[in-house]
Protein chains: 2
Amino acid sequence: MATVSRTLQQPERVSPKTRQKVMSAVAEVGYKPNLMAVKFRSGKTHNLVVLVPTVANVFFARVISGMQQTAAEHGYAILLANTLGNATIETDYAKMVQTSQADGLIQLRAFNPFDSSVVNGHGLYPMVNACETLEQIACPVVTLDNRRAAKAMTEHLLSLGHRRIALIKGPKDSPLTRQRLAGYQDALAQAGIDFDERLLFAGDFTLQSGHTAAQQILNQQHRPTAVFCENDETAIGAIQAFKQAGMKIPHDMSVAGFDDIAFARFCDPPLTTIAQPAEEFGRTAVTLLIDLIEQKLTKAPTVIMPYELIVRESTGPAPGFQG
Amino acid sequence: MATVSRTLQQPERVSPKTRQKVMSAVAEVGYKPNLMAVKFRSGKTHNLVVLVPTVANVFFARVISGMQQTAAEHGYAILLANTLGNATIETDYAKMVQTSQADGLIQLRAFNPFDSSVVNGHGLYPMVNACETLEQIACPVVTLDNRRAAKAMTEHLLSLGHRRIALIKGPKDSPLTRQRLAGYQDALAQAGIDFDERLLFAGDFTLQSGHTAAQQILNQQHRPTAVFCENDETAIGAIQAFKQAGMKIPHDMSVAGFDDIAFARFCDPPLTTIAQPAEEFGRTAVTLLIDLIEQKLTKAPTVIMPYELIVRESTGPAPGFQG
DNA sequence: GCTTGAAATGTAATCCGTTACATTTTAACT
DNA sequence: AGTTAAAATGTAACGGATTACATTTCAAGC
């Protein structure tokens, strides 16, 4: 038994002839070591739980791709939890870490799934927060300067002469939504434009919500000339509603998104948006989590990923604007 | 130890006062059973490996959603493998089943990831094949009658008077591609139209490939009046290329897709397509796999899921056609 | 109070690969 | 050949929850 183990783990520690014998015996009976036993004994599962609100979101799908890749490179497996943003489901999955079924957890949403327990800090439950910033918890965070990015996009619209710019928001309880709103307000303030609450519309990052919000905009008396959507799906849904109402984009209405999902480039018109390095988000989050698990991290870093303003054809000069 | 285990597993087998004592002790020290130990001892990991070519594909994302839901209901966790259709990666992940790290596997692609080993049949490696049909292997399959569905769509186009219908195919090595091609040919044959190989275009289910194929179509002398794309992404990419060339859809060109992803409804124009019950695919696959694992299956069934032809606005009568 | 059966609790084996430690084999050198 | 150090191999403990089986406790009935 020990010899078999040695042969498989450190062949050089075993004489060539035994090695030969063991190898052929292994091949003969088709022996496959029970890695659960190994994981159990070592106390390292090499599993990482990832809590995703919904894998059906194209942006998250890209993040997961990146995670998967890096995890595989380090010999870790991803346990994917499609939580639908449901705290109970998230807490359930977090128990996998607490019951030694996984070594750590990545949360893509701003919610601490470990009931009251302290996260890492004093060696408890390695966790990394990605995309959204989980406030109040001292765990590593991979994020984007959403506020600055939203400000940049708003500035782009302002530079095109837009003065009434609507904002279709993301999920109500998300810090992302708040941060992007703040950036939008920053840009307006800087341009000396009064913030008008009536230009704020609810959304939840789905195509449908963009469509619905756009219809509300169409019903407004004093319509905006541009709409900044907090993600691309929302923007694509909104564009459809505007087009159905007979509007020309961007001639009658500029629309901007956020994320730069694959569909953004293939819309009609192609969408002006903020590109986020989605795969890199995933890769970084996994790297941080593994470092945390393997105690290579002394403190909880916050990694700010770069964004890029991608100007395509869905945004144009405001009616009557002379660039 | 035994008493603790009993208290937690079958409280009625323990006297009320010990139960009380154990419970408070458990609460006190925050005892969490090591489920790896349980899994190791029981030989049941309650993990399922799922091989997905790419989670970034919206259709697969929906399938995964369904899987996740059903798996969770049965107390199983999904280990997600983003394989990029790479046989080596798939084989690596399949090893998780062979090394007792997972109880079974779902493959979404037509490739047997278990080297030469027999799959189930004689108790080896529970596996279920979903979406694409893995020929030559006797394992449960969840699929769609792709041939009939493709025929139905082609008939729809024929009924609109189209006689030259192009087909943008899926990945070359996929049975899906072959089956949908066969259905397309069935419909043509039935309508007494000669099959023209020059109307076949390569694709790989990405937006980009649809765009590229559409450009090739535009360069053809004797252009088709309709294009049937083997999935929605391809169709959306194609529509963009046609529109960029100044064509009106469906006036100058009808375009049809396959899958009915969320974006299909929010395209311009909304896409005529075949709806597949994606989530249900995932749910069924997981149910079958769990049944297989728990030996409730005597033979390997083939489940054919229903499809639905969804006619939207991207298909219309052929030029000069009188309905 | 004692017997008897049931209920409660304790003990120890088990799952399987790893690894510290013990023992045996091998090779080298006097 | 004999000694010795090194190399190879064997032995057994370990991890933690479960569970068959053994033992103890308890209550009921005479």
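Order of the sequence lines fixes the chain letters, A, B, ..., with proteins taken first and strands second; residue numbering starts at 1 for each chain.
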- Task: Report the residues that fulfil ring-ring contact (aromatic ring centres under 6.0 Å, His included) with A:Tyr93, sequence neighbours left out, ordered by chain and then residue number.
- Result: none
- Choosing from D:dT18, C:dT18, D:dT9, which nucleotide comes nearest the side chain of B:Val38? D:dT18
Distances for protein N/O vs nucleotides 24-28 of chain C N/O pairs under 3.5 angstrom?
none

Output a table of donor-acceptor pairs, distance under 3.5 Å, between side-chain atoms of residues 38-47 of chain B and any protein atom two or more places apart or on a different chain; print 'none' if there are none.
| residue | atom | partner | partner atom | Å |
| --- | --- | --- | --- | --- |
| B:Lys39 | NZ | A:Gln101 | OE1 | 2.6 |
| B:Lys39 | NZ | B:Thr45 | O | 2.8 |
| B:Ser42 | OG | B:Val38 | O | 3.0 |
| B:Ser42 | OG | B:Lys39 | O | 3.3 |
| B:Ser42 | OG | B:Lys44 | N | 3.1 |
| B:Ser42 | OG | B:Lys44 | O | 3.4 |
| B:Thr45 | OG1 | B:Asn47 | N | 3.1 |
| B:Thr45 | OG1 | B:Asp103 | N | 3.3 |
| B:Thr45 | OG1 | B:Asp103 | OD1 | 2.8 |
| B:His46 | ND1 | B:Gly75 | O | 3.4 |
| B:Asn47 | ND2 | B:Gln101 | O | 3.1 |

- Item | Gap between atoms CD and P, on A:Glu12 and D:dT9 respectively (whole Å) | 13 Å
Only distances under 3.5 Å count here; give the side-chain donor-acceptor pairs of residues 293-305 of chain B to other protein atoms, sequence neighbours excluded, each with its distance to 0.1 Å.
| residue | atom | partner | partner atom | Å |
| --- | --- | --- | --- | --- |
| B:Glu294 | OE1 | B:Lys296 | NZ | 3.1 |
| B:Glu294 | OE2 | B:Tyr76 | OH | 3.1 |

- May I ask you to evaluate whether A:Tyr31 reaches the phosphate of C:dG17, defined as a side-chain N or O under 4.0 Å from OP1 or OP2? yes
- Message: So, OP1 or OP2 of D:dT9: does either fall under 4.0 Å of a side-chain N or O from A:Ser15?
- Response: yes
- What pairs with B:Asn34 under side chain to side chain donor-acceptor pair (under 3.5 Å), at least two apart in sequence or on another chain? none
- Nearest-angstrom distance from the residue atom CD of A:Gln10 to C1' of D:dA7: 14 Å
- Could you list all the side chain to side chain donor-acceptor pair (under 3.5 Å) pairs where at least one residue sits in residues 49-64 of chain B, not counting sequence neighbours? B:Arg62-B:Glu279
- Just checking, is any N or O donor in the side chain of A:Gln276 or A:Asp259 under 3.5 Å from an acceptor N or O on the other one? yes
- Message: According to ring-ring contact (aromatic ring centres under 6.0 Å, His included), who are the partners of A:Phe60, at least two apart in sequence or on a separate chain?
- Response: none
- Item | End-to-end axis angle, where each axis spans five pairs of the helix from C:dG1-D:dC30 to C:dT30-D:dA1, to 10° | 50°
Enumerate all atom pairs, one protein N or O and one N or O from nucleotides 10-15 of chain C, separated by less than 3.5 Å.
| residue | atom | partner | partner atom | Å |
| --- | --- | --- | --- | --- |
| C:dG10 | OP2 | B:Thr3 | OG1 | 3.0 |
| C:dG10 | N7 | B:Arg6 | NH2 | 3.0 |
| C:dG10 | O6 | B:Arg6 | NH1 | 3.3 |
| C:dT14 | O2 | B:Arg41 | NE | 2.7 |
| C:dT14 | O2 | B:Arg41 | NH2 | 3.0 |

- Query: For C:dT18, does either OP1 or OP2 sit under 4.0 Å from a side-chain N or O belonging to A:Gln9?
  - Reply: yes
- Query: Please give, in whole Å, the distance from D:dA17 P to B:Leu35 CG?
  - Reply: 9 Å
- Item | Test salt bridge (Lys or Arg N to Asp or Glu O under 4.0 Å) applied to A:Arg180 - qualifying residues, sequence neighbours left out | none
- Does a donor on one side chain sit under 3.5 Å from an acceptor on the other, for B:Gln68 and A:Asn82? no
- Just how far, in rounded Å, is P of C:dT18 from CE of A:Met36? 15 Å
- Note on the structure: From CD of B:Gln101 across to C1' of C:dC16 the rounded distance in Å is 14 Å
- So what does B:Val4 touch, heavy atoms closer than 4.0 Å: a base, only the sugar-phosphate, or nothing? nothing
- Note on the structure: In short, salt bridge (Lys or Arg N to Asp or Glu O under 4.0 Å) pairs touching residues 14-32 of chain A with sequence neighbours left out are none
- Message: Applying side-chain contact (heavy atoms from CB on, under 4.5 Å), can you list everything that pairs with B:Ala275, at least two apart in sequence or on another chain?
- Response: B:Asp260, B:Glu308, B:Ile310
- Item | Protein-nucleotide distance (A:Lys44, atom NZ; C:dG17, atom C1'), rounded to Å | 18 Å
